[in-house]
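Notes follow once the structure below has been shown.
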Amino acid sequence: MSWMVWTTPTAIFFSSIAAMLAGMTLWEILSPTVERKGFLPISTTRGDRLFIGLLSAAFIHLGFIGFTTFSIWIALALSAVWLLVLMRWG
Amino acid sequence: MYHLENTQQGEKYNTIFSKEVSAKRRKRDARSRLRSRLLLGLYLFLMILPIYWLINMSLQTNSEILGSMTLWPQNITFDNYTRILTNSSWYMGYVNSLLYVSMNMVITMLVALPAAYAFSRYKFIGDKHLFFWLLTNLMAPPAVFLLPYFQLYYSVGLFDKHIAVALAHCLFNIPLAIWILEGFMSSVPKEIDETAYIDGYSFPKFFVKIFIPMISSGIGVVLFFLFMFSWVELLLARTLTSTNAQPIGMIMTRTSTASGIDWGTLAAAGVLTIVPGILVVYFVRNHIAKGFALGRT
Amino acid sequence: MNNNKVQNNRAWWLVLPMLILVAFSAIIPLMTVVNYSVQDVLGPHARFFTGTEWFQTMLNDSALQAAFLRQMIFSLTILAIQIPLGIGIALIMPKRGWQASAVLILITLPLLIPWNVVGSIWQIFTRGDIGLMGWGLRELGINYNITRNAGDAWATIILMDVWHWTPLVAMLCYSGLRSIPEAYYQAARIDRASKWAVFRYIQLPKLTNVLVIAVLLRFMHSFMIYAEPFVLTGGGPGSSTTFLSQSLATMAIGQQDLGPSAAFSLIYFLVILLVSWIFYTTIMHMQKDKNPQGGA
């Protein structure tokens, strides 16, 4: 395992992804998702919205890191808000 | 041959609408058919040229290759081939490549068939996302994954074993196999499954005895793709092997030495890498020609 | 995907073996690459946490931006050539008899040649002294040199890729065409439909699915193109034919800069992921919209 050169931040990152997937599965078992149309141009399920949210979060982070001098925490906060908006109204 | 086919075609038309077929129409069809044959011939000719050149060079000695421009070999020699086929350090490259390719085909088929069946017949939690995730594995840039791959397989003790390359190639071959098989399976009506279950077949028995024969041409097509992508891949195969399981593509690089490139041997080795592929296409040609639109239409 | 599927979570058991195998090869290396991307790895015990520094450097690296742009131009060019050409060839291939088999076998030849051998074939073929094409062009008085002239190198790589991969498109389309029942054509003949109408309303709709596979495969593979240009031109002259994978490989293996190359490959992966997702979703939704009206 040492060759994988783990660091605390990446470990937290992957654990939270895994936790999200587990949470989504549990939620799906308790109350199955219904495909619906929100403000996005396509009708989506919860899982689709999570994926879109995560992918756009990745690009938000890249944009902040690459082209601004703002702290990465602002990008994280922004992504979290965006993810919530997407899950609720997307 | 051409004339014969044309009349057959004409007869077919006649049976459909007997009086409407005019001589003019038949003539126009014949002309457009001739034109398309010519275009196809031109394409095939241009396509074969580089391969012809390789074969041409493989039949010459190095002095003839470098000496003068000859469109076909003046003194045909098979030395380049005998050198490869009698030297175990050369021909073992082919054996190694064929070994890991066939291992990969077997492993991929064993796990991809049930998975593709699940995707084509059932809805389950996360099915669509799982399917898309599989496809993303076709686009992972191999160049940077090489070092992690090397370390992963080294740490589990598989380095320089054929099975390591076979497992690594599963990364892109399993998703591809599932993708194509799912299409074929979706075009088999679901009623067949239900009837078989009512008749008392268990799932494994139904799958092997009834379902697999029904999608045999799909399996043929998939085997072709599995062979193709595993046979032609070199980056991963090269990284995961050193001496025991070295692929032929890697052994070929030894033709270029400090004293120049051994063109004749390089060309002969190149020609020999094409041969297994030809055999595979020959076996699956009818499955491909039978046609597949990959279900879901 | 068709709509009459049964909800059954036990289907996961059928998927599980495949999942374990693919995850072993996909997820562990991916995690490692993510770990590399936030560190400066000098050796197993000498490494430093760098945070987002590599991402910042890579996003602003002009050489990589140039490689990215080149890659996009290359991928779009070969798609624009290969897809129409492949469809065209599929349309004129013989439909039955020994000719069909012979053409099929001949046409798939380039697909079955190992990628580095493809590079070697074209390297030999285009050499001015011993290659038919290089020699022929020179005899015709054309100043053709792929090691000096960037334009020649580009044209040759595109030609090589078209030679290498058009057969895949043609083969997939040919198979798609063969699956159209003869009755469709007969109906069109009775209606006296033009050739174009037959193509537009009978053949093209049936080809959609194979074309999705062809376009996605070609797009993804062209982004990973490595061995062929590496053998043919070595990325030169200068860096005019250095595509993404080669820039990455030079960084990762040549210079041992694991951190930056890992960061860059993640950016690259995200871009491909986005493009493929948009494409895939669009196609899937188009099909879904079509199906309620009685199918395509």
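Reminder, nothing fancy here: chain letters follow the sequence lines and each chain counts from 1. Below, each value reflects all heavy atoms present in this structure, side chains not excepted, and no hydrogens, waters or symmetry copies. All of these numbers come straight from a predicted model, not from anything done at the bench.
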Drop me the distance from C/N116's CG to C/E228's CD, to the nearest 0.5 angstrom.
-> 9.0 Å

May I ask you to decide if C/M72's main-chain N or O and C/S75's side chain share a donor-acceptor pair within less than 3.5 Å?
-> no

Whatever's closer than 4.5 Å to a heavy atom in chain C on A/I29 counts as neither

Atom pairs and distances, side-chain donor-acceptor, residues 60-70 of chain C, under 3.5 Å, sequence neighbours left out:
residue: C/N60; atom: ND2; partner: A/G66; partner atom: O; Å: 3.1
residue: C/N60; atom: ND2; partner: C/Q56; partner atom: O; Å: 2.9
residue: C/D61; atom: OD1; partner: C/A63; partner atom: N; Å: 2.9
residue: C/D61; atom: OD1; partner: C/L64; partner atom: N; Å: 3.2
residue: C/Q65; atom: NE2; partner: C/L59; partner atom: O; Å: 2.7
residue: C/R70; atom: NE; partner: C/S239; partner atom: O; Å: 3.4
residue: C/R70; atom: NE; partner: C/T242; partner atom: O; Å: 3.1
residue: C/R70; atom: NH1; partner: C/S239; partner atom: O; Å: 3.2
residue: C/R70; atom: NH2; partner: C/S239; partner atom: O; Å: 3.1
residue: C/R70; atom: NH2; partner: C/T242; partner atom: O; Å: 3.3

With only heavy atoms counted, which part of A/I72 is less than 4.5 Å from chain C, the side chain, the backbone, both or neither?
-> side chain

Indicate whether any N or O donor in one side chain lies under 3.5 Å from an N or O acceptor in the other, for C/N35 and A/T10.
-> yes

Side chain, backbone, both or neither: which part of C/V34 has a non-hydrogen atom closer than 4.5 Å to chain A?
-> both

Among A/P41, A/A11, A/P32, A/P9, which has the most heavy-atom pairs under 4.5 Å with chain C?
-> A/P9

Where does C/T281 contact chain A at under 4.5 Å (heavy atoms): side chain, backbone, both or neither?
-> side chain

If we ignore angles and hydrogens, is there a donor and acceptor under 3.5 Å between the side chains of A/S56 and A/W82?
-> yes

Is it the side chain or the backbone of C/F55 that comes within 4.5 Å of chain A heavy atoms, both, or neither?
-> both

Atom group of C/I28 that falls short of 4.5 Å from chain A, counting heavy atoms = both

Quick one: are A/F67 and A/L62 in side-chain contact, heavy atoms under 4.5 Å?
-> no

What option among A/I42, A/T8, A/I52 has the most heavy-atom pairs under 4.5 Å with chain C?
-> A/I42

